[in-house]
Amino acid sequence: MAAGATLVGGAGFSITHGFHTISHGENLSDLTLSYLVLAVSLVIEAVSWRKAMSQVRAEAGRLGVSRRAYVTRTSDTALKAVLFEDSAAPAGLVIAALGLLGAQLTGNPAWDGVAWVVIGVLLLAIALNLIAANVSLLIGQAAPRGMETRIRATLLAQPEVEDVVELLTMMLGPGRLMVAAKIDLRDEASAAGLEIACDEVDRRLRGRYPGIVQVFLDPTPTRADRRGE
């Protein structure tokens, strides 16, 4: 809803205004004040973008992934929205300045109209990306494949675990992950030992991945074991 109300609305206004300027023209007077406003805005937006990137860099470093991979797969849509908006703002200001410059040099206001249209398309692309990211979380996004691989390895590292029959993960919110696994436990393990093993796996997963808030383990024999019985 936020993406639709802000970015899509802004994109619609920008594209509409751009086509109106291209078709009907525009009276461009002294552009000194316009350039000054764009320059000041660019400095402010650059500072905001730098802070957002600093947070992304810190989170990516903590998780041991690249910044691009973190932004692509993060469940923190608020951070993603801030980063995308802070990235679009300086780009839009530069495009607007180029449009004004083109109109000033050629005397054709259509250049300014084209800049408005490009800015609108940029906002629309960011809005669609954010909407897609939010929708994927609403329907239960899984953890990144690399993280699932590491979770599986952690399960198999427990001596009592023979095999991981099935592993399911689901993002519950920003930085919150649920893990559900069907695990084949060694036959020689006692009932008390199985309880201790499951508790140890739970502790290891939560300790290694602080984002894991729920762990469900279901002792399940493999198909080969069931056929043997």
- request: Examine distances only and state if a side-chain atom of D163 and a backbone atom of V165 form a donor-acceptor pair shorter than 3.5 Å.
  value: no
Closest non-hydrogen atom pair, A197 against Q158: CA-NE2, 3.9 Å
message: I'd like to know if M53 and V82 are part of one continuous hydrophobic network [Ile/Leu/Val/Met/Phe/Trp/Tyr, side-chain heavy atoms within less than 4.5 Å].
response: no
message: Contact between L100 and L38 at the side-chain level, heavy atoms closer than 4.5 Å - yes or no?
response: yes
Pairwise distance CG(L155) to CD1(I183) - rounded to 0.5 angstrom: 6.5 Å
message: Quick one, T169 and M178 - any side-chain contact, counting heavy atoms below 4.5 Å?
response: no
statement: Cluster membership besides F13, Ile/Leu/Val/Met/Phe/Trp/Tyr side chains within less than 4.5 angstrom, sorted by chain and number, is W116
field: K80 side chain vs V71 backbone, donor-acceptor pair below 3.5 Å
entry: yes
CD on E166 to CG on D184, rounded to 0.5 Å: 13.5 Å
field: L83 CG to K51 NZ distance, which is reported to the nearest 0.5 Å
entry: 15.0 Å
- prompt: Between W111 and Q104, is any pair of side-chain heavy atoms under 4.5 Å apart?
  reply: no
field: Considering all heavy atoms, the nearest P109-A103 contact
entry: CA-CB, 4.0 Å
- prompt: Is V94 reachable from L105 through a run of I, L, V, M, F, W or Y residues, each pair having side-chain heavy atoms under 4.5 Å apart?
  reply: yes
task: With the side chain counted from C-beta on, respond yes when Y209 and L177 share a heavy-atom pair under 4.5 Å apart, and no when they do not.
output: no
Over 12 foreign heavy atoms within 6.0 Å of CZ, R57: yes
- request: Considering non-hydrogen atoms only, spot the tightest contact between A96 and A115 and give its length.
  value: CA-CB, 4.4 Å
field: Rounded distance (nearest 0.5 Å) linking atom CD1 of I95 with atom CG of D112
entry: 12.0 Å
task: Return the minimal non-hydrogen interatomic distance between L124 and A11, and the atom names on each side.
output: N-CB, 3.7 Å
- prompt: Below 4.5 Å, heavy atoms only, C-beta onward: do V179 and L167 meet side chain to side chain?
  reply: yes
query: Is the backbone of I119 close enough, under 3.5 Å, to the side chain of S14 for a donor and an acceptor to pair up by distance?
result: no
query: Do I212 and I151 have side chains that get closer than 4.5 Å, going by heavy atoms?
result: yes
message: Quick check for you: to the nearest 0.5 Å, what is the distance between F84 atom CZ and L122 atom CG?
response: 11.0 Å
- request: Mark yes or no for whether S54, through its side chain, and R50, through its backbone, hold a donor-acceptor pair below 3.5 Å.
  value: no
- request: Begin with the C-alpha distance, continue with both residues' side-chain angles, and end with the deciding distance and a verdict on side chain to side chain donor-acceptor pair (under 3.5 Å) for D86 and S48.
  value: CA-CA 6 Å; D86 287 349; S48 179; 2.8 Å; yes
- request: State yes or no: do L217 and L156 share one hydrophobic cluster built from I, L, V, M, F, W and Y residues joined by side-chain heavy-atom distances below 4.5 Å, directly or via other members?
  value: yes
field: Test log, rule salt bridge (charged side-chain N to carboxylate O under 4.0 Å, His left out), inputs E200 and R203
entry: CA-CA 5 Å; E200 178 65 17; R203 186 187 64 79; 2.4 Å; yes
query: Between Y35 and L101, is there a donor-acceptor pair closer than 3.5 Å when you use the side chain of the first and the backbone of the second?
result: yes
field: Hphob cluster co-occupancy, L168 + M170, side-chain heavy atoms under 4.5 angstrom
entry: no
query: If you look at every heavy atom in I22 and A110, which pair is closest and at what distance?
result: CG1-O, 3.9 Å
statement: E148 and A142 have their tightest heavy-atom pair at OE2-CB, 3.8 Å
query: So, the side chain of R206 versus the backbone of V213: is there a donor-acceptor pair under 3.5 Å, distance only?
result: yes
